[in-house]
Engineer: 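Below is one structure. I have some questions about it.
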Amino acid sequence: MIALKSSAVVALLIAAMPVAAQEGTPEKIDLKVLHQIKTEAFQHSKVMDHLFYISDVYGPRITSSPNHKAAAEWIVTRLKSYGMVNVHLEPWGPFGNSWQYKKFYGALVAPNYAPLIGFPLAWTPGTKGPVTAEAVLAPIHSQAEFAKYKGKLKGKIVLIADPKVILMHTEVEGRRLTDEEIDSRSIVADPSRLGPGGAGGGRGGRNVPPVPAAPVLDRAAALRLRNDTSKFLSDEGVLVAVNYGTNGDGGTVFASFGGSQNPDDPTPPPMVAITPEHYNRIARLIEHGMSPQVTFDIEAETYKNDQMGFNVVGEIPGTTRKDEIVMLGGHLDSWQGGTGATDNGTGSSVAIEAVRILTSLHKPMERTVRIALWGGEEEGLLGSKFYVQQHFAPRDSMKITPEYSKLDAYYNDDGGSGRFRGISADGNDEIASIFKQWAAPIRDLEFQSVAGATSAPTREPGGTDSTSFSWLGLDGFGFMQDPLEYGSRTHHSNMDLYDRVQVGDVMQGAAIEAWFVYNTATRPEMLPRLDTPLPLTK
């Protein structure tokens with residue numbers, strides 16, 4: 001068989017692509033580099049080793065907690081070992097108090113013994129030793145209900161939610177995207193519904209399926225209810241407040257915070273979330289007048305000395321255009337139920353692996369490649385929002401910095417363990433044309449879609465850290481991933497653990513992220529950027 005030269009292979013690939021992919025200037029596709037990336041990613045992978053340390057050793061990682069800092073310091077050492085430069089923890093803030101728990105034990109002790117599956121809620125205190133008391137049911141939905149329970153909760157363990165109706169599971173909990181689902185995400189069926197929750201999918205987000213618009217949440221009212229409830233329960237002398245989290249059953253508990261990192265907010269009593277089957281059992285005993293006895297022993301610590309957050313940053317220096325920056329990353333912080341393996345230990349590990357692969361190629365890249373692993377994502381994209389406003393454009397002043405024109409692109413991974421199936425074009429047809437050409441030779445890796453060529457601008461950050469970039473008119477891209485068990489098993493739950501990660505998927509993600517970053521860092525021109533809709537000025 002006659003061997004084809006690389007340029008001939010590229011010509012055949014481009015010829016075989018849909019017409020839309022051939023629009024615009026043809027991209028230089030270096031198949032030799034792609035082969036090297038795949039060889040390193042699949043035959044010499046370190047991605048699960050990164051994840052072991054981030055999750056098993058240093059998880060969970062509440063923002064600025066001792067675990068979060070230990071994970072960050074370990075990553076700094078590892079990035080330096082790959083020859084990266086300017087590796088450091090970059091402060092931002094203030095963030096507020098940090099928090100970490102060290103012990104959890106809960107059990108029903110009367111009328112019979114049964115251990116309780118659950119964990120403490122973030123920013124709530126410990127019990128200062130074991131406490132055992134009668135459990136009472138006192139669901140609180142609004143401040144108006146405080147009067148109903150005033151004077152009745154002192155020294156009690158209080159169930160603060162209505163019992164949950166638990167339905168049998170009739171659908172599979174883990175799945176991959178079908179070809180039809182992937183195709184549907186690249187088609188704008190109704191352009192009148194562009195934006196989050198609509199057919200366009202939004203710019204730079206997680207590429208979730210189109211859903212009806214959610215009702216507007218009054219965040220200020222929710223914050224007031226949380227703070228008022230915390231003060232009421234604490235003032236009433238509640239020993240422990242119990243709920244069953246936001247989702248899940250069968251021993252999987254989805255929950256996050258009960259208190260606040262803001263040192264000015266009221267401190268609640270100890271708070272825990274337990275699996276709803278255990279919660280409902282206690283509630284039924286109460287309703288039948290059995291006066292169940294429950295015990296908890298919780299050790300948790302709130303850290304008040306350092307109010308700042310931090311991001312982990314490091315660089316592979318560029319050559320001829322080193323002042324132009326290509327970024328990649330994900331958030332390093334997590335919630336406390338599990339070890340933060342899929343949210344977002346995988347995204348952090350994939351980014352670390354991608355830069356490891358790029359350094360192993362020993363191929364100079366014209367532009368500097370910068371990794372950033374964010375803190376404070378779980379509290380509202382805080383680390384990335386502080387970063388983009390400090391480096392590129394303070395939103396309040398609408399005045400861009402000299403770095404604004406030098407940021408080429410940011411690639412984000414924050415969709416769980418699932419393999420990369422496509423990427424958002426961030427509402428830019430030129431980007432879509434470029435990405436389709438880069439995607440053509442990796443279709444064998446099941447990377448098969450460029451979505452979001454027609455989508456609305458990011459009006460505010462939300463969902464994940466790429467939107468902090470697109471919010472300012474920068475190129476921030478999110479990968480489309482197989483959902484697997486992310487929504488049904490691992491996202492913000494006690495099952496967010498190393499064993500739920502699919503090894504082949506994160507290897508594939510690291511290869512693809514390295515490929516996109518390499519192409520961005522070596523193409524003759526920076527990626528095209530849409531005219532920002534914001535009134536930013538120099």
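Because only heavy atoms are used, hydrogens play no part in the values below, and waters and symmetry mates are left out as well, while side chains stay in. Numbers for residues simply follow the sequence, beginning at 1.
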Engineer: Could you walk me through whether S384 and S468 pass the side chain to side chain donor-acceptor pair (under 3.5 Å) check?
Structural biologist: CA-CA 6 Å; S384 59; S468 295; 2.8 Å; yes
Engineer: Considering non-hydrogen atoms only, spot the tightest contact between S493 and M495 and give its length.
Structural biologist: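 For S493 and M495, the tightest heavy-atom pair comes out as OG-N, 2.9 Å.
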Engineer: Taking salt bridge (Lys or Arg N to Asp or Glu O under 4.0 Å) as the definition, give me every residue that meets it alongside D444, ordered by chain and number, with sequence neighbours left out.
Structural biologist: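 Per chain and number, D444 pairs via salt bridge (Lys or Arg N to Asp or Glu O under 4.0 Å) with K38.
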Engineer: For the residue pair G93 and M308, what are the closest heavy atoms and their distance?
Structural biologist: N-CE, 3.6 Å
Engineer: Just jot down the side-chain contact (heavy atoms from CB on, under 4.5 Å) partners of A354, sequence neighbours excluded, or say none.
Structural biologist: L328, E513, A514
Engineer: Among L407, L530, D426, whose side chain to side chain contact (heavy atoms under 4.5 Å, CB included) with D475 holds?
Structural biologist: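 Looking at L407, L530, D426, the match for D475 under the side chain to side chain contact (heavy atoms under 4.5 Å, CB included) is D426.
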Engineer: Would you say that Q389 contacts W471 through its side chain, given a criterion of any heavy-atom pair below 4.5 Å between the two side chains?
Structural biologist: yes
Engineer: Is a side-chain donor or acceptor of Q448 paired with a backbone partner of G422 at a separation under 3.5 angstrom?
Structural biologist: no
Engineer: With R176, which residues qualify under salt bridge (Lys or Arg N to Asp or Glu O under 4.0 Å), at least two apart?
Structural biologist: D482, D505
Engineer: Assess the residue pair F420 and F447 against the criterion (ring pair (Phe, Tyr, Trp, His ring centres under 6.0 Å)); give the C-alpha distance rounded to whole Å, side-chain angles, the decisive distance to 0.1 Å, and a yes or no.
Structural biologist: CA-CA 6 Å; F420 290 5; F447 189 89; 7.2 Å; no
Engineer: Are side-chain heavy atoms of L223 and N227 found at a separation under 4.5 Å?
Structural biologist: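 With C-beta onward as the side chain, the pair touches.
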Engineer: Between S417 (side chain) and T342 (backbone), is there a donor-acceptor pair under 3.5 Å?
Structural biologist: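 Flag not set: sc S417 to bb T342 has no pair under 3.5 Å.
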Engineer: Would you check if there is a donor-acceptor pair between the side chains of H492 and D343 at a distance under 3.5 Å?
Structural biologist: yes
Engineer: For the pair Q437 and N519, evaluate side chain to side chain donor-acceptor pair (under 3.5 Å) and give the outcome as yes or no after the intermediate values.
Structural biologist: CA-CA 11 Å; Q437 295 179 62; N519 286 327; over 6 Å; no
Engineer: For the pair N86 (side chain) and E315 (backbone), establish whether a donor and an acceptor sit closer than 3.5 Å, ignoring hydrogens and angles.
Structural biologist: no
Engineer: Using 4.0 Å as the upper bound for N to carboxylate O, is an ion pair formed by R321 and E366?
Structural biologist: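 Salt bridge absent between E366 and R321.
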Engineer: Without swapping roles, check the side chain of S349 against the backbone of L51 for a donor-acceptor pair under 3.5 Å.
Structural biologist: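 Between the backbone of L51 and the side chain of S349 there is a qualifying donor-acceptor contact (under 3.5 Å).
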Engineer: If you look at every heavy atom in A341 and L497, which pair is closest and at what distance?
Structural biologist: CB-C, 3.3 Å
Engineer: Quickly, which of W99, W374, F310, Y58 forms a ring pair (Phe, Tyr, Trp, His ring centres under 6.0 Å) with H68? Name it, please.
Structural biologist: F310
Engineer: Any side-chain to backbone donor/acceptor pair from S260 onto D265? Under 3.5 Å, distance only.
Structural biologist: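 Not confirmed, S260 side chain does not pair with D265 backbone.
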Engineer: With a 3.5 Å distance limit and no angle check, can you tell me whether T368 reaches the backbone of G318 through a side-chain donor-acceptor pair?
Structural biologist: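 Checking the backbone N and O of G318 against the side chain of T368, a donor-acceptor pair under 3.5 Å is found.
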Engineer: Might you work through the side chain to side chain contact (heavy atoms under 4.5 Å, CB included) test for Y404 and H391, ending with a clear yes or no?
Structural biologist: CA-CA 7 Å; Y404 188 87; H391 284 268; over 6 Å; no
Engineer: With A425, which residues qualify under side-chain contact (heavy atoms from CB on, under 4.5 Å), at least two apart?
Structural biologist: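 With neighbours one apart ignored, the set is I431, A432, V450.
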Engineer: Backbone N or O of F42 within a donor-acceptor pair of the S45 side chain at under 3.5 Å?
Structural biologist: no
Engineer: Is a side-chain donor-acceptor pair under 3.5 Å present for R421 with S449?
Structural biologist: no
Engineer: So R370 and V313, do their side chains get closer than 4.5 Å, heavy atoms only?
Structural biologist: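 Counting from C-beta outward, V313 and R370 do come under 4.5 Å.
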Engineer: Within the structure provided, determine whether T252 and R489 are in side-chain contact (heavy-atom separation under 4.5 Å).
Structural biologist: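 Of all side-chain heavy-atom pairs linking R489 with T252, at least one is under 4.5 Å.
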Engineer: For atom NZ of K69, is the number of surrounding heavy atoms from other residues, nucleotides or ligands below 6.0 Å larger than 12?
Structural biologist: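 Buried by this count: over 12 neighbours within 6.0 Å.
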Engineer: Is any side-chain heavy atom of T339 closer than 4.5 Å to a side-chain heavy atom of D496?
Structural biologist: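 No, side chains not in contact.
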Engineer: Check the angle between the aromatic planes of F392 and Y387 and answer parallel, tilted or perpendicular using the 30° and 60° thresholds.
Structural biologist: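 If you compare the ring of F392 with that of Y387, the planes turn out perpendicular.
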Engineer: Can you tell me which residue among N344, D414, T63 is in a side chain to side chain contact (heavy atoms under 4.5 Å, CB included) with E377?
Structural biologist: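 The single option meeting the side chain to side chain contact (heavy atoms under 4.5 Å, CB included) with E377 is D414.
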Engineer: Applying side chain to side chain contact (heavy atoms under 4.5 Å, CB included) to V517 and L358, what does each step give before you reach the verdict?
Structural biologist: CA-CA 9 Å; V517 170; L358 292 173; 3.7 Å; yes
Engineer: Under 6.0 Å between the ring centres of W123 and F257?
Structural biologist: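 Between F257 and W123, which both carry aromatic rings, the centre distance is not below 6.0 Å.
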Engineer: Is there a side-chain contact between F95 and Q307 in this structure, where contact means two heavy atoms from C-beta onward sitting under 4.5 Å apart?
Structural biologist: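 No, every pair of side-chain atoms sits at 4.5 Å or beyond.
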Engineer: Mind checking whether M84 and I371 have side chains closer than 4.5 Å, heavy atoms only?
Structural biologist: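 A side-chain contact exists here, since the closest heavy-atom pair is under 4.5 Å.
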Engineer: Over all heavy atoms of both residues, which pair between S64 and G309 is shortest? Give the atoms and the distance, please.
Structural biologist: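 So the minimum-distance heavy-atom pair works out to OG-CA, 3.4 Å.
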Engineer: Apply the test side chain to side chain contact (heavy atoms under 4.5 Å, CB included) to residues L484 and R419: give CA-CA distance (whole Å), side-chain angles for both, the deciding distance (0.1 Å), then the verdict.
Structural biologist: CA-CA 9 Å; L484 304 184; R419 71 182 57 188; over 6 Å; no
Engineer: Is Q481 reaching over with its side chain to a backbone N or O of G418, donor-acceptor style, under 3.5 angstrom?
Structural biologist: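 Present.
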Engineer: Is there a side-chain contact between K406 and E324 in this structure, where contact means two heavy atoms from C-beta onward sitting under 4.5 Å apart?
Structural biologist: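 In contact.
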Engineer: Using modelled atom types and a 3.5 Å cut-off, is there a donor and acceptor pairing between side-chain atoms of T178 and backbone atoms of E181?
Structural biologist: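 Confirmed, T178 side chain pairs with E181 backbone.
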Engineer: Do side-chain atoms of R367 reach the backbone of T520 as a donor and acceptor pair under 3.5 angstrom?
Structural biologist: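 Side chain of R367 to backbone of T520, a donor-acceptor pair under 3.5 Å: yes, one is there.
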Engineer: Evaluate side chain to side chain donor-acceptor pair (under 3.5 Å) for Q100 paired with N67, printing each intermediate quantity in order.
Structural biologist: CA-CA 8 Å; Q100 188 164 303; N67 278 6; 3.2 Å; yes
Engineer: For the residue pair I434 and P528, what are the closest heavy atoms and their distance?
Structural biologist: CD1-CD, 3.6 Å
Engineer: Could you name each residue pair satisfying salt bridge (Lys or Arg N to Asp or Glu O under 4.0 Å) that touches residues 349-361, not counting sequence neighbours?
Structural biologist: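 The answer is E40-R356, E353-R356.
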Engineer: Which value, rounded to the nearest 0.5 Å, describes the distance between M480 atom CE and I182 atom CD1?
Structural biologist: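 The CD1 atom of I182 is 6.5 Å from CE of M480, to the nearest 0.5 Å.
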Engineer: Residues in salt bridge (Lys or Arg N to Asp or Glu O under 4.0 Å) with R78, at least two apart?
Structural biologist: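 Only D49 meet the salt bridge (Lys or Arg N to Asp or Glu O under 4.0 Å) criterion with R78.
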Engineer: Could you please spell out the steps behind the side chain to side chain donor-acceptor pair (under 3.5 Å) verdict for S466 and N412?
Structural biologist: CA-CA 6 Å; S466 58; N412 191 69; 4.5 Å; no
Engineer: Evaluate the salt bridge (charged side-chain N to carboxylate O under 4.0 Å, His left out) criterion for residues D333 and R61: first the C-alpha distance (whole Å), next the side-chain angles of each, then the deciding distance (0.1 Å), finally the verdict.
Structural biologist: CA-CA 5 Å; D333 64 305; R61 304 171 304 279; over 6 Å; no
Engineer: With side chain to side chain contact (heavy atoms under 4.5 Å, CB included) as the criterion, how do I54 and L332 come out once you've worked through the C-alpha distance, each side chain's angles and the decisive distance to 0.1 Å?
Structural biologist: CA-CA 8 Å; I54 290 173; L332 181 60; 4.0 Å; yes
Engineer: Shortest non-hydrogen contact from M327 to A372?
Structural biologist: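 For M327 and A372, the tightest heavy-atom pair comes out as CE-CB, 3.7 Å.
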Engineer: Looking at Y410, F477, W438, which hits ring pair (Phe, Tyr, Trp, His ring centres under 6.0 Å) with F516?
Structural biologist: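 Option passing the ring pair (Phe, Tyr, Trp, His ring centres under 6.0 Å) with F516: W438.
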Engineer: Taking only Lys NZ, Arg NE, NH1 and NH2, and the carboxylate oxygens of Asp or Glu, determine whether E460 and K385 approach each other closer than 4.0 Å.
Structural biologist: no
